[in-house]
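Just below is one structure, and these are the notes that go with it.
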There are 2 protein chains.
Amino acid sequence: MNIGDVAEKSGLPPKTIRYYEEIGLVRPLRSANGYRNFLERDVHKLAFLGRARALGFTIEDCRNLMALYEDDQRASSEVKEIAEQHLERIDNKIAELAQMRATLSHLVHACAGDHRPDCPILADLAATCPDEDLIDTTA
Amino acid sequence: MNIGDVAEKSGLPPKTIRYYEEIGLVRPLRSANGYRNFLERDVHKLAFLGRARALGFTIEDCRNLMALYEDDQRASSEVKEIAEQHLERIDNKIAELAQMRATLSHLVHACAGDHRPDCPILADLAATCPDEDLIDTTA
DNA sequence: CATTGACCTTCCAGTTAATGGAAGCCTTAA
DNA sequence: TTAAGGCTTCCATTAACTGGAAGGTCAATG
């Protein structure tokens with residue numbers, strides 16, 4: 001199977017599939033003409049990778065998940081640990097974004113958004129420390 | 001003022017400050033010895049940039065916000081528009097992460113996480129389309 | 001048989017926003 | 001004088017692709 005078919009079946013662009021080969025996530029055979037020759041097994045692996053990436057796992061996570069997937073002696077605890085760590089990363093990211101969102105939303109609502117230059121958003125970004133005039137800035 | 005002092009005052013690492021100069025966000029003077037020589041105004045700008053970046057604005061947003069900040073003829077609507085677009089980006093990102101979180105959390109709870117190889121997480125990642133055998137794959 | 005168009009190949013560059021490190025000045029104090 | 005610390009530039013690296021150029025392959029058509 002050529003890369004175009006695999007792209008369609010796996011949902012990954014050809015560029016990405018080539019990249020995944022380059023970093024060793026798949027090892028397709030080669031036809032006599034130099035074209036990559038994928039087996040169904042490769043398609044399956046690539047779809048697996050696509051789903052893992054869609055869940056936000058890093059490439060390194062994917063590499064490890066794939067290794068576990070192919071190891072029938074694995075302990076599910078190993079998989080779960082990777083997933084839990086990722087879940088924590090996601091939670092942290094969401095918290096960070098929620099914090100940004102709160103501040104930004106507040107500022108946006110406070111801004112008239114008209115022709116006048118007065119802007120609480122810029123005022124906040126420019127905000128000097130409230131006690132700035134108490135700080136020795138001559139140093 | 002040397003870069004080290006500016007770093008301390010602005011909260012940005014020296015490396016980042018040099019980078020911001022490289023991409024034209026600040027233009028410090030130079031002393032006779034070749035050292036960058038920052039004015040209070042530069043420190044203020046850098047702190048502004050640091051706060052904007054902390055709110056997740058891109059560097060390009062920062063460039064535009066800074067230009068508006070320095071233009072006393074600006075309309076607050078221009079600032080608000082940038083902020084609103086960013087808010088939307090944040091909301092999209094949060095939604096995406098929340099979706100990942102939901103799926104992943106579900107899978108993690110379903111996984112025993114013991115010594116056995118059975119794992120719903122891997123099963124899901126490997127999941128072929130439920131109706132795969134009904135799909136014409138010969139096309 | 002030649003050519004066209006759709007594939008495929010490799011290789012190089014660019015993306016975001018820094019960060020790490022090497023090699024080498026400048027300054028100051030012991 | 002020499003050592004420490006701060007400063008300089010330049011180059012490489014990060015994550016995970018993506019875009020594009022130059023060129024080989026293949027199937028069908030004129």
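Order of the sequence lines sets the chain letters (A, B, ...), proteins ahead of strands, with each chain counted from 1. Quick caveat: nothing in here was measured; it's all calculated off a predicted structure.
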N-O pairing of [X] and [Y] below 4.0 Å:
X	Y	value
Asp42(B)	Lys9(B)	no
Arg18(A)	Glu21(A)	no
Lys45(A)	Glu40(A)	no

Base, sugar-phosphate alone, or nothing: which one does Pro14(B) contact when heavy atoms must sit under 4.0 Å apart? nothing
If you look at every strand shown and take non-hydrogen atoms under 4.0 Å, does Ile23(B) touch a base, only sugar-phosphate, or nothing?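 If one applies the 4.0 Å heavy-atom cut-off, Ile23(B) turns out to touch nothing in the nucleic acid.
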Check for a donor-acceptor pair, side chain of Arg74(A) on one end and backbone N or O of Pro117(B) on the other, with a separation under 3.5 Å.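 Yes, the answer is positive, given that a donor and an acceptor are paired below the 3.5 Å cut-off.
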Given 3.5 Å as the limit, does a donor-acceptor pair link the side chain of Ser76(B) with the main chain of Asp114(A), or not? yes
For [X] and [N], what is the distance between atoms [atom1] and [atom2] respectively, to the nearest whole Å?
X	N	atom1	atom2	result
Tyr19(B)	dT16(C)	OH	P	8 Å
Glu22(B)	dT16(C)	CD	C1'	13 Å
Lys15(A)	dT10(C)	NZ	P	11 Å
Leu46(B)	dA17(C)	CG	C1'	15 Å
Ile17(B)	dT19(C)	CD1	P	11 Å

Non-neighbouring partners of Lys15(B) that pass salt bridge (Lys or Arg N to Asp or Glu O under 4.0 Å), sequence neighbours left out: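 Residues passing salt bridge (Lys or Arg N to Asp or Glu O under 4.0 Å) with Lys15(B): none at all.
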Counting only heavy atoms from other residues, nucleotides and ligands, does the tally under 6.0 Å from CD of Glu8(A) exceed 12?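 No, CD of Glu8(A) has 12 or fewer neighbouring heavy atoms, counting only those of other groups under 6.0 Å.
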How about CZ on Arg27(A), more than 12 heavy atoms from neighbouring residues, nucleotides or ligands closer than 6.0 Å, or not? no
First contact, last contact: which nucleotides of DNA chain D are these for chain A, 5' to 3', heavy-atom distance under 4.0 Å?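 The contacted stretch runs from dA16(D) to dC26(D).
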Kindly state each residue pair satisfying salt bridge (Lys or Arg N to Asp or Glu O under 4.0 Å) with at least one member in residues 97-109 of chain A, sequence neighbours excluded.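 Every pair satisfying salt bridge (Lys or Arg N to Asp or Glu O under 4.0 Å) with a residue in residues 97-109 of chain A: Arg101(A)-Asp91(B).
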Want to settle it: does Asp5(B) or Thr16(A) sit nearer the 5' end of DNA chain D, counting the closest nucleotide to each?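 Counting from the 5' end, the first nearest nucleotide belongs to Asp5(B).
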Mind checking what makes ring-ring contact (aromatic ring centres under 6.0 Å, His included) contact with Phe48(B), not counting sequence neighbours? Tyr69(B)
Check DNA chain C against residues 53-64 of chain B and give the residues with a non-hydrogen atom under 4.0 Å, in numerical order.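 Those residues are Arg53(B), Thr58(B), Ile59(B).
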With a 4.0 Å heavy-atom cut-off, tell me which residues in residues 29-40 of chain A come close to DNA chain D, sorted by residue number.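 Hits under 4.0 Å, by residue number: Asn33(A), Tyr35(A).
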Would you tell me whether His44(B) and Arg41(B) have side-chain atoms, one donor and one acceptor, within less than 3.5 Å of each other? no
